[in-house]
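Here's the structure, in structure tokens; my notes come after.
What you see below is based on every heavy atom in this structure, not just the backbone, and it leaves out hydrogens, waters and symmetry mates. Each chain gets a letter, A, B and so on, in the order its sequence line appears, and its residues count up from 1.
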Protein chains: 2
Amino acid sequence: MDSAAARERALDAAEKLFYGRGVRSVGMDDVRGTSGVSLKRLYRLFPSKELLVEAYLERRDARWRERLAAHVDRYEDPERRVLAVFDRLEEWFAEPDFRGCAWINAHGELGATSPRVVAQVRAHKQAFRAYLARLVADAGLPGTVTGQLYLLAEGAMVTAGITRTTEPAARAREAAVLLLRAA
Amino acid sequence: MDSAAARERALDAAEKLFYGRGVRSVGMDDVRGTSGVSLKRLYRLFPSKELLVEAYLERRDARWRERLAAHVDRYEDPERRVLAVFDRLEEWFAEPDFRGCAWINAHGELGATSPRVVAQVRAHKQAFRAYLARLVADAGLPGTVTGQLYLLAEGAMVTAGITRTTEPAARAREAAVLLLRAA
DNA sequence: ACCGTAGGAGAACGCTCGTTCTCACGTCAA
DNA sequence: TTGACGTGAGAACGAGCGTTCTCCTACGGT
């Protein structure tokens, strides 16, 4: 198994465990057990747990935004594309292992102690917001709408994570429709 | 120092430390050091750390909702009372030691491992939502508005916690005004 | 004065976990 | 063949922490 493959396996295990059980309740030994990558190799690839966490968030961010964009790209109509964001949320919330937003959870868990994690969380949220801003601009809507839709999306993520239901996505979408109509 | 006073001191310290640095990075010994309540007494009052965490969330919930209600009660006009919720959020976000929503943070930190904490978080969020529902009903607005305002508020809390700005409150309020107008 | 008890300070225990080290094995170059 | 090196399995180390225990002090009742 070459270095790149070991890295992927380690990140697969890290993502599954960190997201599913929380970062702090997962030990490096658990990551080794799940990934099959030895501790020695793990530490050569990621010199500390914090760096593994950072890499996990970074890779998940790229994939998360890819999947969002892929969903949005199903549509041509600019307003429909904006609403597609909320459709994607609903799809996400319905995934069987959904446990809330990984970045919000990581921030709650490590925001007070790990500046690297905070930076990852802010970068992810800012990227999501920027993407939303572009969709809003492409639809010819005023920029003020971006912040409002963003808050609805964040509220839906938090609430879905706490209640373990998909319903917040639909509620947020309804509110978004009203806000688009009002703008 | 009698039992009730020791309990208050312990909870004061627990709240300050748990909220400020996260639950897991605070040891019972830290709580003893900050509160001046001996370990022996601490464990007589709260037989485990988890129960101390539970009590901390419970007391904070009561106070948080009291302060919200007090703010809302400054106003008579039913619609104004609904918007006052967002004014209160802004005031809260501006407090110097604001570190996001204690329940969202606790859920991110302990949601995967502590059912008691999850129960506290759900109870708190449901109580907030119920309060909002009453304000909406008193203003003669359709019940569907409740969920929308709730998501805006939650989104504002999360975003204020991550960005450390008060701005999300104002944005949420603007969106709330539009939604009230549309209803 | 004397004893029983409550209380505090802090040591001690047992466990977890991040990180490093040991050691034995296999591989490839010269 | 030999020897340097990478690798894996897992022991070892050191720190932190939840929880309990020990010991000493102080006080209240008789």
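Side-chain polar atoms of A:E50 and A:S114 form a donor-acceptor pair below 3.5 angstrom. For the residue pair A:T144/B:E174, the side-chain donor-acceptor check at 3.5 Å is not satisfied.
Taking CG of B:L52 as the start and OH of B:Y56 as the end, the distance is 10.0 Å to the nearest 0.5 Å. The NZ atom of B:K125 sits 13.0 Å away from atom CD of B:Q120, with the distance rounded to the nearest 0.5 Å. If you take OG on B:S48 and CD on B:E54, they are separated by 8.5 Å, rounding to the nearest 0.5 Å. Distance CZ/A:R9 to CG/A:L42: 12.0 Å, rounded to 0.5 Å.
Atom P of nucleotide D:dT19 and atom CZ of B:F46 are separated by 13 Å, given to the nearest angstrom. For the pair A:R41 CZ and D:dG10 P, the computed distance is 17 Å after rounding to whole Å. The distance from atom CG of A:L42 to atom C1' of D:dA9 is 13 Å, rounded to the nearest whole Å.
Less than 4.0 Å separates DNA chain C from no heavy atom of any residue of residues 2-17 of chain A.
Remark: of the listed residues B:R7, B:R60, B:R59, B:R59 is the sole one forming a salt bridge (Lys or Arg N to Asp or Glu O under 4.0 Å) with B:D12.
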Report, as a single string ordered 5' to 3', how protein heavy atoms within less than 4.0 Å touch nucleotides 14-23 of chain C: B base, S sugar-phosphate only, - not at all. ----SBB-B-
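Ionic pairing of B:E91 and B:R88 is present here: one or more N-O contacts between side-chain nitrogen and carboxylate oxygen are shorter than 4.0 angstrom.
The residue among A:R44 and A:R32 whose nearest nucleotide of DNA chain D lies closer to the 5′ end is A:R44.
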